[in-house]
Amino acid sequence: QVQLVESGGGSVQSGGSLRLSCAASGPARNRGCMAWFRQDPGKERGGVAAILARGDTYYADSVKGRFTISQDNAKNTLYLQMNSLKPEDTATYYCAADLRAFPCIGILEARQDDFAHWGQGTQVTVSS
């Protein structure tokens, strides 16, 4: 059973930075693909960044060059470093995991159903 717990959300001014963390537990083989999604109220949850166990990373165009996804396998923790934040980055951010690689490789088109495991979400608010 995989459990994911996000932390690190908060409020920041435009141009600021935040680092989100996702503490993971459960079999590592079920977490070969890990990702961050975000969702605004009334909108679909969309993929932001993803990372495979071997370290390959994938990003949505809207965050390339500003966000960095990483993982610390010794701590079983996934991170999302968010720099140069914009008001349009405001959303609830979710950590997700799956044992298959394809949801990460296709993160731009990934759907919520593509990932088996989800965290509860953490709110990020960016003010102008």
Evaluate the side-chain proximity of [Y] to [X]: yes if any heavy-atom separation is below 4.5 Å, no if none is.
{"X": "F67", "Y": "L85", "result": "yes"}
{"X": "F37", "Y": "C95", "result": "no"}
{"X": "E6", "Y": "S21", "result": "no"}
{"X": "D114", "Y": "Q112", "result": "no"}
{"X": "L20", "Y": "V124", "result": "yes"}
{"X": "L52", "Y": "Y58", "result": "yes"}

Does R45 count as lying over the ring of Y94, i.e. NZ or CZ under 6.0 Å from the six-ring centre, within 45 degrees of the axis?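 Relative to the ring axis of Y94, which defines the angle, R45 lies inside both limits.
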Residues which pass side-chain contact (heavy atoms from CB on, under 4.5 Å) with A23, listed by chain and number, not counting sequence neighbours: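 Partners of A23 under the side-chain contact (heavy atoms from CB on, under 4.5 Å) test: none.
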Output, in order, the C-alpha distance, side-chain angles, deciding distance and verdict of side chain to side chain contact (heavy atoms under 4.5 Å, CB included) for L4 and M34. CA-CA 10 Å; L4 305 171; M34 296 197 73; 3.8 Å; yes
Among side-chain atoms of S17 and N83, is any donor-acceptor pair under 3.5 angstrom?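 Yes, N83 and S17 have a side-chain donor paired with an acceptor closer than 3.5 Å.
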Q123 and T92: side-chain donor and acceptor closer than 3.5 Å?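 Distance-only check passes for Q123 and T92.
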Show me the pairs that pass salt bridge (Lys or Arg N to Asp or Glu O under 4.0 Å) and involve residues 18-34, at least two apart or across chains. none
For Q120, is the CD atom crowded, meaning more than 12 foreign heavy atoms sit under 6.0 Å from it? yes
Step by step, would you call Q13 with V126 a side chain to side chain contact (heavy atoms under 4.5 Å, CB included)? CA-CA 5 Å; Q13 289 191 331; V126 184; over 6 Å; no
Are W118 and V2 in one and the same hydrophobic cluster, where Ile, Leu, Val, Met, Phe, Trp and Tyr link if side-chain heavy atoms are under 4.5 Å apart?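 The answer is no; the residues belong to distinct hydrophobic clusters.
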Do D98 and R100 pass the salt bridge (Lys or Arg N to Asp or Glu O under 4.0 Å) test, and can you show the C-alpha distance, the side-chain angles, and the key distance before you say yes or no? CA-CA 6 Å; D98 199 87; R100 302 164 297 176; 2.8 Å; yes
Check this for me, if you would: do K86 and D89 make a salt bridge, where the nitrogen-to-carboxylate-oxygen distance has to be below 4.0 angstrom?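 Looking at K86 and D89, the cut-off is not met.
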